[in-house]
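Read the numbers this way: they start at 1 and go in the same order the structure lists the ligands and their atoms.
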Amino acid sequence: MNLSSKITALDKVGAAVAKKLNKIGIHIIEDLLFYFPHRYEDYQGAVQIKELKEGAAVSVKAKVELIANRRSFRSRKVMTEALVSDESGSLRIVWFNQPYVIKNIKVGDELVFSSVVKADMLGPQLVNPSYSRASLSSEDAQAKMVPIYYLTAGLSQKYLHFLVSQALKAVKDVPDYLPNEILEEHDLLPLHDALRGIHFPLDQVDLANAQKRLKFDELFLIQLKAEIARRGRSVQPAPVLEFKEKEIKDFVSGLSFELTKSQRVSAWEILKDLNRNFPMNRLLSGDVGSGKTVVAAMALYSAYLNGYQAVLLAPTEILAKQHFDSISRLFKNFEIPVCLYTRSQFVKNIDEQNVESKKFKKEIIENISSGKIAVAIGTHALLSDKIEFKKLGLAIVDEQHRFGVEQRQEIKQKGKGVHFLSLTATPIPRSLALTLYGDLDLSVIDEMPVGRKVIMTRLVEAHNRSKAYDFIRKQIKQGRQAFVVCPLIENESDEKKSVLKEYEKLSKEIFPDLKVGFLHGRLKSKEKEEAMNKFKNKETDILVATSVVEVGIDIPNASVMMIEGADRFGLAQLHQFRGRVGRSEHQSYCFVFSDTFSHSTKDRLEFFEKNNSGLMLAQKDLETRGPGEVYGTTQSGLEGLRLAKLNDVELIKMVRESAAKCAENLAKYPLLKQKMKSFEQSVHLE
Ligand code: ADP
Ligand code: MG
């Protein structure tokens, strides 16, 4: 028998049982051995009944004295009541709605019961405890810690223990794909021992060792994959963009504000990277409004000073336009030729933007290839329209994860041999960045410009809706403006519908006296621009929009952000919406509405209400929704993490070094190479 034998090769596994095992993802022996317990009952820690304290999570080993079913008086539901005892005393147990318990437990059984101790007038009690036999198969008789698995109906803990120990015995040598040097260097258990230890640990230390090895493996495969990808990428030399300190200093002193310390540090890191003869690959992460644009502008400027072209890509037309406006403003004293190029906007010079822009398309393409344009700002149309740069030195991408997979591929292609900077407002915990992007350097802006007011966030229940509307009206009377974000619906045409519906309601019923506009992804870019311009120029008071307002839109006069159907958005995304306000000296507000108030929704939204840090929110998102949802990282292998946590920075660093060493010499380790192949396949299927 080996790891890839069918599960039916085991003793006492017929078709019926196999089907149940399939249900929990177990098809072959390997699946079974990697089906880890979700917790353990620790007999060493077993507590005596007389020592039970209310609220403590305990395991109690006790003998069943009485057990019976009865119907509860009020709800008519089945309750199973038992009385159990050890030498120190006796204890009441009750299970609600689990009538089958009585079939599994008989008077005289000696079992371990685990749960949190409750107490009432009659003393301590356990409610719905899990239970397991004190002695399992002969071989676990001395086992002090008993594994507990998530199971499906018809499988018992005892049966699974039987199967796992059978498999561990049958598969004598689980081939270990980690090189010996690495096991030795980090004091890791051989794979077979680790698997034994994770299923049947002798004690806590044994368990910790097994976990360490298996966590190492999970992270190792992901990082080795990243490492191999990095080596595969042909790293061409990149142009040295000299750090011209004097000019940069002049640029900074010409700004209308002081850079924050982290802006300065980040800019310095970037400019240093540009000064080297191989490509920069850096991520600049900073919360919404932390001021990434000006840092990016300094990099663009540096390219210009060195006679190289630079490109700045944004995921949407609106955002590209906005970048164009702010970069042009920042550059206005330097006469740097900047253009805007999207699917429908072609602007060569900020002063010409009201001229019919189509006619500039050809001219811009020519000016880019002749090198006349120094900084091209736009959407991915800049890549796809076969534009040839004369002397590209730097590519900056804003919110890269918002681009499609193919577009990202194109960006990568274009970015070969060029310095590359990517900007993100979804803060990324350093440990995750290390895991995911083995080859990426990270700069973090972790402070806000001085003087920003904290946005006041309120979760609004349905009966307070009209109060929120009154509040918005008051703000508008004071000269401010408001956004209303509509809920996300699966397909795009519905998103449009939901905007129009909300627009009707607000413009006709709620605010007939105010000017309401709308914006959604299906509008033509001209119409989008018009809607944006009207809002910018205060011709509209309220802008009803879809998640298109999420990224980067900058309307400093807006002071209210009202989010409908907030339960359907991730926290990081809600935080982006909230970041649309609070961009000036006016106190700003964010009102959050939700269609449901389930326990988990409420928990999430209350967390949002109380937390203003994008990093905290991203971390919470990471826990509840997984990295794929938050960072668009499907196919990275992260979804497969079962034991390892992304907050274990020490372990991650250790793994990273080992992965780098192995990648250098992969041919030397055939087993590892093979394992890597099957890992990549499994990841690809995710
Ligand atoms: P984001 O990081 O979200 O892209 P922006 O670059 O759009 O943020 O900056 C948000 C606003 O803050 C802009 O209006 C910008 O001019 C302003 N800003 C940037 N840095 C500073 C600073 N150090 N002090 C004051 N205002 C700043
Ligand atoms: Mg931005």
Which pairs would a plain distance check flag for residues 264-271, meaning a side-chain donor or acceptor within less than 3.5 Å of a matching protein atom at least two apart in sequence or in another chain?
from, atom 1, to, atom 2, distance (Å)
Ser266, OG, Ser262, O, 2.8
Glu269, OE1, Ser443, OG, 2.4

My understanding is that we take every heavy atom of each candidate and find the minimum distance to atom 9 (O) of ligand 1. Doing that for Ser262, Ser256, Gly291, which one comes out nearest? Gly291
Considering Glu447, Met448, Lys292, Gln576, which one's heavy-atom position lies nearest to atom 2 (O) of ligand 1? Lys292
Measure the spacing between OG1 of Thr316 and NE2 of His323 and express it to the nearest 0.5 Å. 8.5 Å
In ligand 1, which numbered atoms sit nearer than 4.0 Å to a non-hydrogen atom of [X]?
X	result
Glu258	22 (C), 23 (N), 24 (N)
Thr260	23 (N)
Asp287	2 (O)
Thr293	4 (O), 5 (P), 6 (O), 7 (O)
Leu259	23 (N)

Looking only at atom types and distance, does a side-chain atom of Glu447 sit under 3.5 Å from a main-chain N or O of Lys261, one as donor and one as acceptor? yes
Looking only at heavy atoms of [X], does any of them come nearer than 4.0 Å to an atom of ligand 1?
X	result
Val450	no
Ala425	no
Gly289	yes

Salt bridge flag under 4.0 Å for residues Lys246 and Asp250: yes
Could you tell me whether Asp325 and Lys321 have a side-chain N and a carboxylate O separated by less than 4.0 Å? yes
For the pair Thr457 and Met561, evaluate side chain to side chain contact (heavy atoms under 4.5 Å, CB included) and give the outcome as yes or no after the intermediate values. CA-CA 9 Å; Thr457 304; Met561 167 56 71; over 6 Å; no
My understanding is that only residues two or more places apart in sequence, or in another chain, count here; which of them pass ring pair (Phe, Tyr, Trp, His ring centres under 6.0 Å) with Phe471? Tyr589, Phe591
